[in-house]
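Just so it is clear, the model here is predicted, and its values are computed rather than measured.
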Amino acid sequence: MDDLTASPASEVPFRISFSGHGGHLRLDPTPHPPNPVPDFVLPPAYPPESPSSVKEYLEANYLNPELYVPTAANDGRVWDVDWFDLARPPLEPSAPRTMLVPAWEPPFRRRSLSSSSEQQVWDPESVQMEMSQVFDSGNGGMVPRMPGPAKDFVRGRVNSRPFRPGGLQDDAAEAAALEKAFPEGARNGDWVRELMSGGPALNAPPGFPKGLDLGQLKEYNSHWKCFQDGEHVEEPASSSNDTTDKYSVQFDDLFKIAWEEDDVNIVPHEDDCELARDEGANDVNERKVDKLQDASETLPMADTDKLEANIRGDISEAQTDLDKMLSSEVRDTRRETSGLVDDKPAQEGTDWALVVGDNSIVTNFHKLVPDMAIDYPFELDKFQKEAIYYLEKGESVFVAAHTSAGKTVVAEYAFALASKHCTRAVYTAPIKTISNQKYRDFCGKFDVGLLTGDVSIRPEATCLIMTTEILRSMLYRGADIIRDIEWVIFDEVHYVNDAERGVVWEEVIIMLPKHINIVLLSATVPNTVEFADWIGRTKQKKIRVTSTNKRPVPLEHCLFYSGEVYKVCEKDIFLTQGFRDAKDAFKMKNANKFGAKPGTKSGTPAVRAGTQGRNPDTSSKGRDQKLPKHHQTNSGAAAIQQNTSGSRRSESSFWMPLINNLLKKSLVPVVIFCFSKNRCDRSADSMFGADLTSNSDKSEIRVFCDKAFSRLKGSDRNLPQVVGIQSLLRRGIGVHHAGLLPIVKEVVEMLFCRGVIKVLFSTETFAMGVNAPARTVVFDTLRKFDGKEHRRLLPGEYIQMAGRAGRRGLDTIGTVIMMCRDEIPEESDLKNLLVGKPTRLESQFRLTYTMILHLLRVEELKVEDMLKRSFAEFHAQKDLPEKEKLLLQMLRQPTKTIECIKGEPSIEEYYDMFLEAEEHREFVTEAIMQLHTTQQFLAPGRLVVVKSKSDDDHLLGVIVKNPSVALKQYVVLVLTCDSTSSALSPNLSSQNEKGPGDSQGYLVILPKGKRGMDDDFFSSSRTRKSSGVINVKLPYTGDASGMGFEVRAVENKEIISICTSKIKIDQAGLLEDISKTAYSKTVQMLIKEQPDGKYPPALDAIKDLKMKDMDQVKRYHAHNNLLEEMSKNKCHGCIKLKEHKILMKDQKVHKDRLDQLKYQMSDEALQQMPQFQGRIDVLKEIHYIDSDLVVQLKGRVACEMNSGEELISTECLFENQLDELEPEEAVAIMSAFVFQQRNASEPSLTPKLADAKKRLYDTAISLGQLQKRHEVPVDPEEYARDNLKFGLVEVVYEWAKGTPFADICELTDVSEGLIVRTIVRLDETCREFRNAASIMGNSALYKKMEIASNAIKRDIVFAASLYVTGI
């Protein structure tokens, strides 16, 4: 039995095999075993295996992807194959979540393994770390995640994690991860010395018991440069470890600084030779504000000095040995690497926006970019070459140029680069019309897809065109397509000024990941560099700014008055002569028509038909509504319209002279901007007799319209708007505004681009949303209604619209004409409009509940980070490094200690009581001075106690004069402690003609007859009347009876108390004659009133002055109680009280400045932080988040709501308000979320719809009240009115039931275009509610939303865009 315990391979050799095909094991002894391991013989049923056969088996079963293609035999739908779902790619092995990392320590800190003197191999300790902490401690992506399902590749899903925004740094988490991945010891320079000195090497990887021994490290022949007292010290070549250890701290610091700055290649200029004078902003940013105080208190003095040397920019103290060594060693390295600065990220304190102005790029463009991604058949402009050069370098660019200057070339090149690099590019536009038009323009050049709210065409394309809201949703929902995007192009960046949607642009820019480059296209704005600097600082990357003020087609600006054109501006130079000619013509016409009155102001008629430059269509008050036929017959608006604009014939007589003038000068096609939809329609209808097209033009228009409208069903082709627009178009007249049907607008745009429309009446949306330049642009008026008030056009708005004049390559000059009806604009207003600066880019950032909930879903993203990186906080965040330096300097400032001579310091308590008493005194004094009874006591001669300006002691004085019109202060003579030797020789003014307004620094007393009752003064010893104005310079000082005095002007708050005593004064002698006797008598009487230095008793505020207000009385008693407490304090009466109070004041000022700096650097100083806290409380109360800020089910549902107000929509679902409604009724009520027009006719609702409307409105009111309770600036009624508009409930209800479009238009006064827009957006709302129902698990609601969506998707409302389908 003992032999059985021995190894079979060593005692009894055998082999294992199978017998036959049954699989029975056999044990066969072998005489001479070839190896100690028993052989395993395969059974004869299996073929023999070899390395090649094993490899083939693994490749066939595990490595090669499979694709199962259905056939007609097993599936009839052969043509619909989901290749992504059928593909079976090999599963990659799961990435390890943790890894072992050695905890490295410098040699002099290691534990000795043995007491022997022999060198021992160091066995480091290993720590377990998360993979994300090791490889993702910087600005990379978030924790790696597997790609989601293919169906969510483009849009993403609410459960996906967003990608980490570029430039986002979590200082605390990053520092902790860095400390774990690379311990403090690994960040100094001793490991270099260890390698250079040779010796045993580490050979066991972390977690392994042993490793591969490769022998000793080879010693590198070198020596150390040692410095002492700033001078080089020669050390023996074979210096011992003890000798070099003296300098190990310095060597540590050298590498620590290089590590923490995180970029040794980034160096300052050559003249910055001292490392201690670097800004060190990265080092500062890694330290929290609340740790700065602790660091200054707990660090030893040597460490604190070292900290200051690395952080503070200016140090006046002598350099340490470390500074000398670092400055001498690092200087040469910096000179060598100074040429690489341009290609490295900018440091804090440098500009992230770099204005391009290098002519060498333009000169050597084809050498710098030899292989262009796309060739252009024309010569590129300077700004285009600069932008393309930096795009080739992979940098972000900001292009600012006028309308039609060629900014689209830059966007095209970004698309071409994405196609060349096999990546993706995204083009975002603020308006859906721009997206559709750009899709048509790019479709023939690139692989293009389109994503809007209701259209999704080829989302897998290389180049995607989408609205900014779609891109924001993709970023929040973590769409996997974001991984592939290389470029994001923002067109019309100046749209960030939009109050409603400007916040979307800021959100998208902040949320873009680090790997995405940005291309910004904007009209010329004054603060382009500032905006680019914000983007660069936010994304931590340079932004190249290139711009041009040159217009491809120069503009001339003219006034049109009385049939004549007057040029007032050319080449951005205002022509004064042209303006004067227009003024002269205006004067002459009005003088002949009305008769000039003598004294009539120049350029102003005696009788006016209207106000200056007012919009002639003011009857609608900005409603811009199109009334149906049955509403237009006897409407009051039509009557007012007739009064303001006249009949159609008078309107035609107004436009026809201009049109004839333009036709005669070949200045057509022309765009006439009217700032009202009604005005556009009336102006076009008024030209009923004009025919501006040729027969060929008419034929082209008729064929085009027939093809475009042929896609409509029969009843839709006969809509009044469709029929009416065709009649206008055939005569060369067009109309373009938001009230038109989408297909009608597209027909007008395309025909105008073809040049067959000669006159187009349009609102300003045509200038923003359509790239269709004209020969001439006409402004109907220079005023507009912006939704709140009628105001003048801003220069930026005017430039945007005027830029449509002049067609590049066709016209040599573009003409802009301003119509003048009633009068000529003022020269200053006109000059500011034509040559003034455009509107600055301003932040419209605001917090929304959707934004908060999206950010709370991910721990790595904080709402505070979003607030900090908004454009509104740009300047405050930019100044943080300077504030941090100032804070460190203030923390290092020594403070003087207060040494109490009584041994029990209580000055802090005393000074606190003093400050509180002063606060009460100022409040009570101000309240007393407002009492009616006080004014009766404060008459000349009344004694008062006045606060001293220089000392803390109070001064006794007497009122000489009450406030008057000339001087609104009391004139008081007070006794001062010191006697002055100045003679009583005041500087009197001899200019008696000075008025009261010229009396700064002087007391002006008017003659008796010219004074009011308040100017009378008391005089007991003299009765003569004042002879005139006498100036007394204030303050007036002197001495009398051995006592100094001063006459000064005193504010109400400077009066400490009103005394019960009153003396007789000679007012004339004190203020007019400057009598020394009068001053002596007054001073003597004041001295008598304060025997033993005590002031006369004061009037009681309650008994004498009749103070009755409860709060005032309470503060009055509190002040008296504090005075009693102060008198009991040990510091009261101390000889050093004054000195100690000054020290306490300095300490308090210092502490207040520190607190203020800390507050400004904290998150609490963010502008929207109070609102954020209120919104968080609201979300907690309605259970969207819990107490730990974890998003709950209701919060996840709210994240799906983008088209309507998220809180109202979510509460509507969770209150089951749609459960009892039919699909048609549900979608009708949901229209209140997306309808935007404020004023609309009241719909006629069924009882069921009326009840649903009331429930939804009550929900909105309760939510508004909840927000108001939590101090969110919301008015409940206004909140409900702004977010719920029920004007189209009846219309949508009938449409969902199948009513023809022509019939539903008769149910409301809302224009057809707004009806279509609302229903299209309603389809997106149905999709959001369907997704919400899926999250909630409400299958009935999911099915109801599908039925409702199908019910409204029909006919003209969802007619395909002509830009997308072509014609």
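- Residues Leu973 and Ile1065 form no side-chain contact, since every pair of their non-hydrogen atoms from C-beta on lies 4.5 Å or further apart.
- By the 6.0 Å contact criterion, CZ on Arg1269 is enclosed, its count of non-hydrogen atoms from other residues, nucleotides or ligands being greater than 12.
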For salt bridge (charged side-chain N to carboxylate O under 4.0 Å, His left out), just list the numbers for Arg840 and Glu530, CA-CA rounded to whole Å, side-chain angles, deciding distance to a tenth of an Å, and then say yes or no. CA-CA 10 Å; Arg840 293 171 52 87; Glu530 178 190 12; 2.7 Å; yes
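- At least one side-chain heavy atom of Leu847 sits under 4.5 Å from a side-chain heavy atom of Leu867.
- In this structure, Lys883 places its NZ atom where more than 12 heavy-atom neighbours from other residues, nucleotides or ligands lie under 6.0 Å away.
- Gln1173 places none of its side-chain heavy atoms less than 4.5 Å from the side chain of Glu1271.
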Given salt bridge (charged side-chain N to carboxylate O under 4.0 Å, His left out), test Lys1114 with Asp1109 step by step and report yes or no. CA-CA 9 Å; Lys1114 183 177 179 181; Asp1109 184 86; over 6 Å; no
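- Using modelled atom types, no side-chain atom of Thr1060 and backbone atom of Leu1099 make a donor-acceptor pair closer than 3.5 Å.
- Closest approach of Gln969 to Ala1049, counting heavy atoms only: OE1-CB, 3.1 Å.
- In this structure, a donor-acceptor pair under 3.5 Å is absent between the side chains of His1119 and Glu919.
- Counting only heavy atoms from C-beta outward, the side chains of Leu938 and Tyr970 approach each other to under 4.5 Å.
- For the pair Val972 and Val1047, the minimum side-chain heavy-atom distance is 4.5 Å or more.
- Taking the six-membered ring where the residue is Trp, the centroids of Tyr1036 and Tyr1079 are separated by under 6.0 Å.
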Take Asp786 and Arg791 through the test salt bridge (charged side-chain N to carboxylate O under 4.0 Å, His left out) and record every step on the way to the result. CA-CA 8 Å; Asp786 60 0; Arg791 59 169 175 82; 3.0 Å; yes
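- By the 4.0 Å N-to-carboxylate-O rule, Arg792 lies close enough to Asp829 to be salt-bridged with it.
- Between Phe531 and Phe871, the gap from one ring centroid to the other is short of 6.0 Å.
- Between Lys947 and Glu918 there is a salt bridge, since at least one side-chain N of the basic residue sits less than 4.0 Å from a carboxylate O of the acidic one.
- No side-chain heavy atom of Pro526 sits under 4.5 Å from any side-chain heavy atom of Thr839.
- Considering only heavy atoms from C-beta on, Thr1077 comes within 4.5 Å of Lys1081 through its side chain.
- In this model, a donor atom of one side chain and an acceptor atom of the other lie less than 3.5 Å apart for Glu1089 and Ser1061.
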